[in-house]
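Remarks on the structure that follows.
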Amino acid sequence: MKVIVTKDYEAMSEAAFRLVKTVVTAKPNAVLGLATGTTPLGLYARMAEDHAACGTSYREIKTVNLDEYVGLGPESDQSYVYFMRKNLFEHLDLPLENTNIANGKAEDLEAECARYNALLATLQQDVQILGIGSNGHIAFNEPGTPFGAETHVVQLAESTIRDNARLFAREEDVPRSALTMGLKNIMHARRVIILANGQNKAKAVKGLVEGPVTESLPASVLQLHPDCTLIIDEAAASLL
Ligand code: GLP
């Protein structure tokens, strides 16, 4: 794993943007694997600015997102599909039909997982962007998830519900379950870029880089990926 430590959040976002722009420029029909959360917001803002200023085109790009809350759809401003549209898609020339996010409002969630999984098999990510949860989760693969897991329904860990409550009016409003790509789907990406900033990620980052490869810290599976770059600020790197 290649580790890049940057001074702060802005420098982390800039370094990630440079890598993503290289991919999009070299391959205008690339498949981008995208993440939600506050971590990639600086990257997405730079992609939007660059599109406006330099005309970098996303017309042929396809995207696949990591996860979605069960029960939430585009009309809910807490859904991940809403987040992606507001923070990235509507600022690019990316056709919405080229974007893919599991449907959290599907009547048959198992069938939706199977559909999304089959789609992922046809859309290998040229680059997969990831954040990391404070408990070491990636996407919504909580500690204990088998490395061989594919897209599945997950009950969220108490720590994840607490972490994500800051984005909801009340903790009770945080959905208790989600649809998520599995670790196997993430490992299938040609290249992975994982971002982390802030002291509250330092312990998870230490496990990711220096710990044993263990299902107790799902992100540690990335030690086995042939092309993974971790970009972190000094606070997130503080325990390394
Ligand atoms: C959620 C998402 C993850 C994300 C994590 C960290 O649980 N499912 O994909 O990496 O939050 O979020 P943040 O970037 O806001 O710290």
Side-chain angles (χ1 to χ4, degrees), residues 6 8-10 12-13 15-17 32-46 63-72 76-84 86-88 100-104 113 116 120 125 127-145 149 151-168 171 173-183 185-187 189 192-205 207-208 217-222 228-233 235-237:
T6 62
D8 56 17
Y9 178 77
E10 296 307 325
M12 177 200 79
S13 303
F17 165 67
L32 305 182
L34 300 174
T36 53
T38 45
T39 308
L41 283 173
L43 162 64
Y44 296 160
R46 281 166 174 78
T63 69
V64 290
N65 257 83
L66 289 171
D67 45 15
E68 179 60 284
Y69 287 116
V70 167
L72 301 190
S76 160
D77 59 7
Q78 307 291 359
S79 70
Y80 284 170
V81 61
Y82 180 96
F83 175 101
M84 290 309 306
K86 178 166 166 288
N87 292 303
L88 186 63
N100 299 283
I101 303 184
N103 176 9
C113 288
Y116 200 66
L120 292 174
Q125 308 95 312
V127 62
Q128 174 65 58
I129 305 299
L130 293 174
I132 186 169
S134 63
N135 65 359
H137 75 229
I138 46 177
F140 270 132
N141 292 279
E142 298 285 21
T145 307
T151 310
H152 60 285
V153 182
V154 59
Q155 300 305 314
L156 301 181
E158 278 305 316
S159 62
T160 299
I161 292 168
R162 274 197 308 276
D163 283 353
N164 291 1
R166 69 186 196 283
L167 306 168
F168 288 78
E171 191 169 316
D173 297 340
V174 184
R176 268 39 189 175
S177 54
L179 305 179
T180 184
M181 266 191 213
L183 295 165
N185 305 114
I186 292 170
M187 290 295 280
V192 173
I193 299 174
I194 177 162
L195 309 177
N197 67 288
Q199 185 66 39
N200 65 324
K201 300 293 174 70
K203 200 165 158 237
V205 164
L208 157 63
L217 197 133
S220 66
V221 72
L222 296 171
C228 178
T229 304
L230 170 68
I231 311 177
I232 45 179
D233 73 351

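In what follows, every heavy atom counts, from backbone to side chain, and hydrogens, waters and symmetry copies are set aside. Note that the numbering runs from 1 along the sequence shown for the chain. Ligands are counted one by one from 1 in listed order, and the atoms in each one are counted from 1 as well.
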Original post:
What do you reckon, does Met181 put a non-hydrogen atom under 4.0 Å from ligand 1?
Top reply: no
Which atoms from ligand 1 have a heavy atom of [X] less than 4.0 Å away?
X	answer
Gly131	10 (O)
Ile132	6 (C), 10 (O)
Lys201	13 (P), 16 (O)
Asp67	2 (C), 8 (N), 9 (O)

Original post:
Does an N or O anywhere in Ala139 fall below 3.5 Å from an N or O of ligand 1?
Top reply: yes
Original post:
Do Arg166 and ligand 1 have an N or O pair less than 3.5 Å apart?
Top reply: yes
Original post:
Any side-chain heavy atom of Ile138 sitting closer than 4.5 Å to one from Leu222?
Top reply: yes
Subject >> Student check: side-chain heavy atoms of Thr145 and His152 closer than 4.5 Å >> reply: yes
Original post:
Which heavy atom of Ala35 sits nearest a heavy atom of Gly131, and at what distance?
Top reply: CB-N, 4.3 Å
Original post:
When you look for heavy atoms under 4.0 Å from ligand 1, do you find them on the side chain of Tyr69, its backbone, both, or neither?
Top reply: neither
Original post:
Taking heavy atoms and a distance under 4.0 Å, where does Thr38 meet ligand 1: side chain, backbone, both or neither?
Top reply: both
**OP:** Give the intermediate values and the outcome of side chain to side chain contact (heavy atoms under 4.5 Å, CB included) for residues Tyr116 and Val64.
**Re:** CA-CA 9 Å; Tyr116 200 66; Val64 290; 3.8 Å; yes
Original post:
Looking at Phe168, Tyr69, Phe83, which hits side chain to side chain contact (heavy atoms under 4.5 Å, CB included) with Gln78?
Top reply: Phe168
Original post:
Tell me: protein heavy atom nearest atom 12 (O) of ligand 1, and distance?
Top reply: Gly37 CA, 4.0 Å
Original post:
So which of Asn65, Asn164, Thr39, Leu195 gets nearest to atom 14 (O) of ligand 1, if we judge by its closest heavy atom?
Top reply: Thr39
